[in-house]
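Here the structure is laid out as structure tokens; the discussion comes afterwards.
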Amino acid sequence: VQLAESGGGSVETGGSLTLSCSHSVVTGSSRYCLAWFRQVPRKGREAVAAISIDGTTAFADSVKGRFTLSNDNANNQLYLQMNNLKPEDTAEYYCAAVFPKGDCPSVQSGTWEWPYWGQGTQVTVSS
């Protein structure tokens, strides 16, 4: 799966941003799972949102109620709408994908369960 993120930037606390992940498959199955992770310096990547093949979404507790996820299958775009942003949301955000053997990995899954990654996009929230 080829992934490319866009839409990062700088906002003030309480502001909003929408991240986009362009996703496509060169060869093979079109059945894959997608997720958004984020990473701050000197810390591991953490999943913030995931969407299963049937469109079911799940969110980390830290972003629940503030972030939404939608997948435009016709245009191969995954959107992460981030509202009421806080300084602790500041991070590099990555799109990830996996061809599942069964169910899609949960939003509590680790990075090792997601073999495909985009290059990342920076989100900075100032107080």
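- Linking ILVMFWY side-chain heavy atoms closer than 4.5 Å, directly or via other members, places L19 and V48 in a single hydrophobic cluster.
- A centroid separation of 6.0 Å or more is found between the aromatic rings of Y116 and H23.
- Among the candidates S6, S20, S70, the single residue satisfying the side chain to side chain contact (heavy atoms under 4.5 Å, CB included) test with Q77 is S20.
- Under the side chain to side chain contact (heavy atoms under 4.5 Å, CB included) criterion, R42 pairs with no residue, sequence neighbours left out.
- Atom CG of D103 has 12 or fewer heavy atoms from other residues, nucleotides or ligands within 6.0 Å.
- For D61, the salt bridge (charged side-chain N to carboxylate O under 4.0 Å, His left out) partners two or more places apart in sequence, or in a different chain, are K64.
- L34 and I53 fall into different hydrophobic clusters, where Ile, Leu, Val, Met, Phe, Trp and Tyr are joined by side-chain heavy atoms under 4.5 Å apart, directly or via other members.
- The hydrophobic cluster containing L3 does not contain Y94, counting ILVMFWY residues as joined when their side-chain heavy atoms lie under 4.5 angstrom apart, directly or transitively.
- When atom types are taken as modelled, the side chain of T90 and the backbone of T124 share no donor-acceptor pair closer than 3.5 angstrom.
- The heavy-atom pair separating S106 from S109 by the smallest distance is O-OG, 2.6 Å.
- Taking the side chain as every heavy atom from C-beta outward, R31 and P100 approach each other to under 4.5 Å.
- Judged by distance alone, the side chain of N75 and the main-chain N or O of D72 form no donor-acceptor pair under 3.5 Å.
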Pair L78-I51, side chain to side chain contact (heavy atoms under 4.5 Å, CB included): steps then yes or no: CA-CA 9 Å; L78 178 69; I51 186 167; 3.8 Å; yes
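- Rounding to the nearest 0.5 Å places CG of L17 at 9.5 Å from CG of L80.
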F67 and W36: CA distance, side-chain angles, deciding distance, ring pair (Phe, Tyr, Trp, His ring centres under 6.0 Å) verdict: CA-CA 11 Å; F67 290 12; W36 283 97; 9.9 Å; no
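- Y79 has its side chain out of reach of N71: every pair of non-hydrogen atoms, C-beta onward, lies at least 4.5 Å apart.
- With contacts defined as side-chain heavy-atom distances shorter than 4.5 Å, the pair Q122/Y93 does not qualify.
- Taking hydrophobic clusters as Ile, Leu, Val, Met, Phe, Trp and Tyr residues chained together by side-chain heavy-atom distances below 4.5 Å, L69 does not share a cluster with F37.
- In this structure, the side chain of E92 does not engage the main chain of Q39 through any donor-acceptor pair within 3.5 Å.
- The shortest heavy-atom contact between A60 and A47 is CB-O, 3.6 Å.
- The shortest side-chain heavy-atom distance between Y32 and V98 does not fall under the 4.5 Å cut-off.
- Shown here for C104 and S52, the closest heavy-atom pair between the two residues is SG-CA, 3.7 Å.
- At a threshold of 4.5 Å between non-hydrogen side-chain atoms, the residues W114 and R45 do not count as touching.
- In terms of heavy atoms, N73 sits closest to N76 at O-OD1, 3.1 Å.
- S126 places none of its side-chain heavy atoms less than 4.5 Å from the side chain of T13.
- Ion pairing of R38 with E46 is present here, as a side-chain N (NZ or NE/NH1/NH2) and a carboxylate O approach within less than 4.0 Å.
- Here the CZ atom belonging to R66 is positioned 11.5 Å from the CZ atom belonging to F59, to the nearest 0.5 angstrom.
- Between the side chain of E5 and the backbone N or O of C95 there is at least one donor-acceptor pair closer than 3.5 Å.
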Evaluation steps, side-chain hydrogen bond (donor to acceptor under 3.5 Å, both in side chains), between N83 and S16: CA-CA 4 Å; N83 299 320; S16 297; 3.0 Å; yes
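- When all heavy atoms are compared, the tightest approach of V107 to A50 is CG2-N, 4.2 Å.
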Worked check of side chain to side chain contact (heavy atoms under 4.5 Å, CB included) between V125 and E12: CA-CA 5 Å; V125 185; E12 295 184 347; over 6 Å; no
